[in-house]
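These notes concern the structure reproduced below.
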There are 2 protein chains.
Amino acid sequence: MKKEFEILSRAIGDRGLRRTAQRENILKVFLAMEGHFSIENICGEAKKQFPSIGRVTVYRTMKLFEELGLAEKMDRGDGIARYEHKYNHKHHDHLVCVKCGACIEAVSPQIEKLQEALAKKYGFVPAGHKLRIFGICKNCR
Amino acid sequence: MKKEFEILSRAIGDRGLRRTAQRENILKVFLAMEGHFSIENICGEAKKQFPSIGRVTVYRTMKLFEELGLAEKMDRGDGIARYEHKYNHKHHDHLVCVKCGACIEAVSPQIEKLQEALAKKYGFVPAGHKLRIFGICKNCR
DNA sequence: ATATTGTTGAAATCGTTTTTCAATAAAAAT
DNA sequence: ATTTTTATTGAAAAACGATTTCAACAATAT
């Protein structure tokens, strides 16, 4: 839970950014959440400790965290961007329940390999991929 | 190129919908386009033959086509919904070029199988999936 | 302490999609 | 054929998430 703050600190130094209570608070709150959260979710959580914080600041800060490799945007297909932890979290795919919206993280090394091969077959230099498997989760059936 | 109109006709009969020039025109235009097209693209094309047609009608009609299994919505990650043909087109994944936006359709039966297995491993009843591989296409490098 | 300049947050704006609603037109009833 | 019914249309308005603007503010450098 420390490294992420170091990354933020380094970015602040390197880029001539300023150390603000908002940024530190959003990072703290974000790291404490486990799962996939919308800006509104994160902002709501942040407001508990920092009531004056604005939605716009959360948008801007999460974009910064994305650039720093701390957060990754994902979308469940409902038009709302959600963020998940990225630092020290390896790549994974998502199993999205179409009933309850639950989102499970999963990964198959074989699928990863085959995706590389598929891209190359078409002359693509692969840079990443996003796989969502939709279905009914264990709890919902 | 005939079956799709039959499907529309049948839906009109079954659901008490009405046969309108707009719906037939949008279907004609959509079938004539090959690739992935936004509402604005489709509306622009439709306007050539039917100048009075409105964007809203295209939204509504494409949603109907989705329900009828004639069209499938896909998103390239840029927030704009695009439609592709579904009827008589088997499932495929998308290779999206991050430089030029080109979108190639590809499929790997092995990946499909492994996805099923991955879903089941987590107790999911899979209902479908969307895989986008991002990278640089042959032309762009 | 002061000057500089990055940051904040409310309001305004943006771009896509949806809803509203009066006018229209397709199908049914006469 | 005419009238009635009701689905459909399309412009305008609203909704929605996300972005931009800008004056007030506050972190850092001088």
Side-chain angles (χ1 to χ4, degrees), chain A residues 5 8-29 36-68 71-83 101, chain B residues 5 8-29 36-68 71-83 101:
Chain A
F5 284 93
L8 178 57
S9 275
R10 194 167 321 125
I12 285 169
D14 293 353
R15 304 183 179 204
L17 304 179
R18 288 179 182 176
R19 174 161 283 106
T20 67
Q22 285 91 333
R23 292 214 246 249
E24 308 243 323
N25 185 252
I26 293 169
L27 181 53
K28 185 174 130 204
V29 159
H36 308 91
F37 293 99
S38 68
I39 293 291
E40 225 52 50
N41 292 152
I42 299 166
C43 189
E45 209 57 38
K47 267 189 202 301
K48 287 182 187 171
Q49 297 180 22
F50 202 122
S52 72
I53 212 162
R55 193 191 293 103
V56 189
T57 299
V58 181
Y59 272 107
R60 283 189 282 232
T61 304
M62 291 310 298
K63 185 179 272 182
L64 172 65
F65 291 174
E66 237 187 315
E67 285 172 36
L68 301 183
E72 181 164 358
K73 211 188 249 181
M74 63 90 60
D75 88 287
R76 207 178 266 180
D78 61 0
I80 298 172
R82 282 163 216 272
Y83 287 93
Chain B
F5 283 94
L8 177 57
S9 273
R10 194 165 321 125
I12 285 170
D14 293 352
R15 303 185 179 203
L17 304 180
R18 288 179 182 175
R19 174 161 282 106
T20 68
Q22 285 93 331
R23 292 214 245 250
E24 307 241 325
N25 185 251
I26 293 169
L27 181 53
K28 185 174 131 202
V29 160
H36 308 92
F37 294 98
S38 67
I39 293 290
E40 224 51 49
N41 292 152
I42 298 166
C43 189
E45 208 58 36
K47 267 189 201 302
K48 287 181 187 170
Q49 297 179 24
F50 203 121
S52 73
I53 211 163
R55 192 193 293 105
V56 187
T57 300
V58 180
Y59 271 106
R60 282 189 283 233
T61 304
M62 291 311 298
K63 184 178 274 183
L64 172 64
F65 290 175
E66 238 187 315
E67 286 172 36
L68 302 184
E72 181 164 359
K73 212 189 247 181
M74 63 89 63
D75 88 287
R76 209 177 265 181
D78 60 1
I80 298 173
R82 284 162 215 272
Y83 287 94

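This one's a predicted model, so the numbers in the text were calculated from it and none came from an experiment. In the text below, chain A, chain B and the rest are named by the order of the sequence lines, each starting its count at 1.
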Answer yes or no: does a side-chain N or O of [X] lie under 4.0 Å from OP1 or OP2 of [N]?
X	N	answer
B/Tyr59	C/dT18	no
A/Thr57	C/dT8	no
B/Ser52	D/dT9	no

Reported CZ-to-CD1 distance for the pair A/Arg18 and A/Ile12, which is rounded to 0.5 angstrom: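 One finds 11.5 Å between CZ of A/Arg18 and CD1 of A/Ile12.
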To the nearest 0.5 Å, what is the distance between CE (B/Met62) and CZ (B/Phe37)?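 The distance works out to 11.0 Å.
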Protein-nucleotide distance ([X], atom [atom1]; [N], atom [atom2]), rounded to Å:
X	N	atom1	atom2	answer
B/Leu64	D/dA7	CG	C1'	13 Å
B/Gln22	C/dA26	CD	P	8 Å
A/Asn25	C/dT8	CG	P	11 Å
A/Ile42	D/dG17	CD1	P	14 Å
B/Met62	C/dT16	CE	C1'	16 Å
A/Phe50	C/dG9	CZ	C1'	11 Å

When B/Glu45 is tested against each of B/Lys47, B/Gln49, B/Lys48 for side chain to side chain donor-acceptor pair (under 3.5 Å), which residue passes?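 Going through the options one by one, the only one that passes is B/Lys48.
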Mind listing the closest non-hydrogen atom pair of [X] and [Y] along with its distance?
X	Y	result
B/Ile53	B/Ala46	CG2-CB, 4.1 Å
B/Ser9	B/Arg19	OG-NH2, 2.7 Å
A/Phe5	A/Glu24	CE2-O, 3.9 Å
B/Gly54	B/Cys43	C-SG, 4.1 Å

Sole candidate of B/Thr20, B/Leu64, B/Thr57 that passes side chain to side chain contact (heavy atoms under 4.5 Å, CB included) when paired with B/Ile26: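 Only match with B/Ile26 under side chain to side chain contact (heavy atoms under 4.5 Å, CB included): B/Thr57.
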Pick the closest DNA chain C nucleotide for A/Ile53 and for B/Val56 by heavy atoms, then say which residue is nearer the 5' end.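 With A/Ile53 and B/Val56 compared, the 5'-side residue is A/Ile53.
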Residue whose nearest DNA chain C nucleotide is more 5′ - B/Lys63 or A/Gly16: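 Counting from the 5' end, the first nearest nucleotide belongs to A/Gly16.
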Determine the contact category for B/Ser38: base if any of its heavy atoms lies under 4.0 Å from a base atom, sugar-phosphate if only primed atoms, P, OP1 or OP2 are that close, otherwise nothing.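 Nothing, no heavy atom under 4.0 Å.
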For DNA chain C, the residues among residues 72-82 of chain B that have a non-hydrogen atom under 4.0 Å from it: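 Going residue by residue through residues 72-82 of chain B, the ones with a heavy atom under 4.0 Å of DNA chain C turn out to be B/Gly79, B/Ile80, B/Ala81.
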Tell me, do B/Arg60 and B/Gln22 make a side-chain contact under 4.5 Å, heavy atoms counted?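 Not in contact.
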Across nucleotides 22-30 of chain D, 5' to 3', mark each nucleotide with B, S or - according to how protein heavy atoms within less than 4.0 Å reach it. ----BBS--
